[in-house]
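Here is the structure we will look at, set down as C-alpha cells.
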Amino acid sequence: MTFRDRIVPAPALATDPPNALRRRLLLGAAVAVPAMALGSLAGSRWVSATSLPAGTPVRRSIGALAPDDPYVKLFKDGVGILRERSRRDPLDPTGWDALAVQHALYCSSIRPDLQIHWGWDFLTWHRAFCWSVERVMREAVKEPQFALPYWDSTRHRRIPAPYWGKDNPLHDATRQMGADDVIPDDFLDVEGALSLDSYYAFGGYPYDNPSGDMIEGNLEQGFHNNVHNWVGGNMGNFATAGFESLFTAHHNNVDRIWEMWRKTHGLAAEPQHDAWLQRSYSLVNEKGQREIVAVKDMLDTRRLGYVYDDYTVQPRQLPDPLLKDGTGVTLAVAGALKYSGRKPRILRFERANVPLHPLCCRVFLRDRTNPGNAPYVGTFTILPVQRGGAPGLDRNVVMQLALPETVREKVNHFASVEAVIVGVPLKGRAIPEAPIPLAKAELAHEVA
Ligand code: C2O
C-alpha cells in the first residue's frame with residue numbers, strides 16, 4: 001500500500017454548527033470587538049441563547065478562509081482579547097503572554113529538566129497547550145462552538161492572509177518571511193514520518209531511553225522544525241515561538257498529522273504502558289485555574305472538545321532536489337548496507353550538545369565509489385537552544401530521517417555510503433561558516 005492510498009479522505013463533519021453560529025458564519029455578522037469595548041466583554045453580546053454546543057467544535061483550515069470570514073474574525077477577536085488582558089496585567093493567567101511564556105519555560109535551558117521537545121512529550125505537551133489556549137479563548141469570545149484554526153502548510157505554502165496587516169492581533173512584525181514567500185515543497189514533506197510504524201520514531205523517544213541521548217521523532221525534527229525556522233523571528237526560536245499567533249495554528253496542524261498517523265497505524269501502535277499514558281502536564285483552564293491532564297485522557301480529541309475539518313495532507317508536488325557538486329558536509333555512514341531480511345528504515349545523526357545557529361538542511365546519501373549516485377533523503381532543521389549563562393541541552397540529540405523505499409533499494413547496491421548534508425539558504429539568514437556539528441551517522445531500523 002502506498003502513502004497515497006493511505007491518505008484518509010476528509011470525513012463529513014459530525015454535526016453542523018449550531019444554528020446561532022451557522023447564522024453568524026453564513027451571514028458574516030460582525031463579531032469584531034472594538035478595543036475600547038473590551039472592558040465590557042463579560043456582557044451578554046457574545047452569549048446567544050441558542051448557541052449551545054450541538055456537536056464537537058471544528059478546527060478549520062485557516063489558509064482556506066478569507067481574512068473576513070466570520071470564523072477567522074472570531075479567532076482574531078479571541079487573540080485580541082487575550083493580548084489586551086496581558087497589556088493590562090502581564091501575569092493574568094488567561095492572557096496571551098502568560099500562556100506564551102509557558103512554552104518558553106518548557107523549551108529553553110532555564111529548566112532543562114522540563115524539556116518537552118526532542119522526545120516523546122513533543123506531541124502530547126503541545127496538544128495539551130493548544131487545548132488550554134483554545135479553552136481560554138472559547139471562554140473569552142463566549143462562543144461554545146469556538147475552535148482554534150490550523151495552518152495546513154502542505155496546501156497553503158504561504159503564511160495565510162489572515163495573519164497579516166496593521167492593527168491585526170495576528171500580525172507578528174518579527175517574521176523573516178513576507179506574505180508572498182512560499183515554503184520549499186520538500187520542507188513540508190510528511191510522507192516519511194507517516195510511513196514510520198514506531199510511535200517513537202514518528203513522534204519522539206522516551207527521555208530515559210538506553211542511549212542516554214534525546215531522540216527526536218521524525219515529524220518534529222523535519223516538518224515541525226522546518227516551518228518554525230522558515231517563518232523565523234519569534235517563530236524561529238523556542239523561547240519566543242509561543243508569542244507568535246501562528247504557533248497554535250502550526251501545532252494544530254502537527255496535531256492533525258498525528259491524528260492521521262493514528263488513523264493509518266491504529267491506536268494500538270502507540271505506547272500502551274503507564275510510563276507514557278500516565279505522563280501529565282499542568283495547564284491553565286478557561287477560568288485561569290491550574291489543571292493537570294494525563295496523556296491517557298488526551299488521546300481522544302472529541303473528549304477534549306475538538307475535531308478537524310480534514311485529515312489529509314497534500315503530498316510533495318516537485319521532483320527531488322538534486323545534490324550540487326561540491327556542496328555540503330559529508331559524513332561516513334555506518335550500519336548494515338547489505339541487508340537481507342529487515343531493511344534499515346532510518347538514517348540517524350548525532351548532534352553535539354551546543355546552542356546552534358538555526359539551520360534547515362537537506363540530506364543526500366552518496367555512493368563513495370560513484371559520487372554521481374546521490375539520492376535525496378529528506379530534511380531536518382536545527383533550532384537554537386537558549387543558553388544565557390545556563391547550560392544548553394543537558395544531553396546530546398539524535399535526529400532521524402525516514403528512508404524512502406526507493407532510497408533503501410538504491411543504497412543496498414552502494415559499495416560504501418556517505419551522507420551529504422546541505423544547508424538551505426533562507427531569506428535574510430546566512431548559512432553558518434562553521435561545519436554543521438554532526439557526529440556519527442548510521443542506517444538503522446526503527447526501534448519499537
Ligand atoms: Cu514547542 Cu513548535 O515548538
Side-chain angles (χ1 to χ4, degrees), residues 59 62 96-134 148-154 159-160 163 170 172 174-177 183 187-188 190 193 202-205 207 214-259 261 279 281-284 293 295 298 355-356 358-360 379-386 392-393 397 399 426:
R59 290 184 177 176
I62 194 162
W96 187 262
D97 292 356
L99 289 163
V101 151
Q102 290 181 32
H103 185 254
L105 178 63
Y106 282 96
C107 72
S108 65
S109 56
I110 307 165
R111 287 282 308 272
D113 55 316
L114 291 183
Q115 188 53 253
I116 44 79
H117 301 89
W118 297 291
W120 71 349
D121 279 335
F122 171 69
L123 292 172
T124 46
W125 185 90
H126 289 87
R127 171 170 287 191
F129 178 77
C130 292
W131 180 52
S132 157
V133 173
E134 183 168 75
L148 288 173
Y150 65 91
W151 172 24
D152 179 1
S153 45
T154 71
I159 296 171
Y163 287 88
L170 304 187
D172 186 317
T174 69
R175 287 172 198 149
Q176 287 168 286
M177 291 295 172
I183 311 184
F187 280 29
L188 300 166
V190 293
F202 171 73
Y205 284 72
Y207 294 107
M214 293 195 281
I215 313 180
E216 262 181 322
N218 186 276
L219 187 65
E220 179 184 352
Q221 50 111 82
F223 175 80
H224 162 264
N225 287 2
N226 293 348
V227 173
H228 269 280
N229 187 43
W230 181 84
V231 173
N234 281 339
M235 190 73 167
N237 188 311
F238 282 141
T240 49
F243 291 87
E244 166 51 283
S245 61
L246 277 169
F247 181 80
T248 54
H250 176 45
H251 270 282
N252 289 338
N253 196 35
V254 168
D255 188 72
R256 192 178 72 93
I257 294 166
W258 177 19
E259 286 298 309
W261 185 88
R279 290 184 80 72
Y281 312 107
S282 234
L283 53 81
V284 169
V293 62
V295 166
M298 291 195 301
L356 293 160
L359 183 63
C360 292
T379 58
F380 67 82
T381 287
I382 297 173
L383 288 175
V385 181
Q386 288 306 104
L393 291 171
V397 173
M399 297 177 293
L426 294 178

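Ligands are counted one by one from 1 in listed order, and the atoms in each one are counted from 1 as well. Treat the numbers as computed from the prediction; the structure is a model and nothing was measured.
Atom 2 (Cu) of ligand 1 does not have His126 among its coordinating residues (no N/O/S atom, backbone or side chain, under 2.8 Å). Note on His117: counted as a metal contact of atom 1 (Cu) of ligand 1, an N/O/S atom lying under 2.8 Å. Inclusion of His251 in the first shell of atom 1 (Cu) of ligand 1 is not supported: no N, O or S atom falls under 2.8 Å.
Across Glu220, Glu216, His103, a single residue satisfies side chain to side chain donor-acceptor pair (under 3.5 Å) together with His117, and that is His103.
Between Phe202 and Trp261, the ring planes lie parallel to each other; the angle is under 30°, not in the 30° to 60° tilted range.
Aromatic ring centroids of Phe243 and Trp96 lie 6.0 Å or more apart.
One finds a salt bridge joining Arg127 and Glu259 here, because a Lys/Arg side-chain nitrogen approaches an Asp/Glu carboxylate oxygen to under 4.0 Å.
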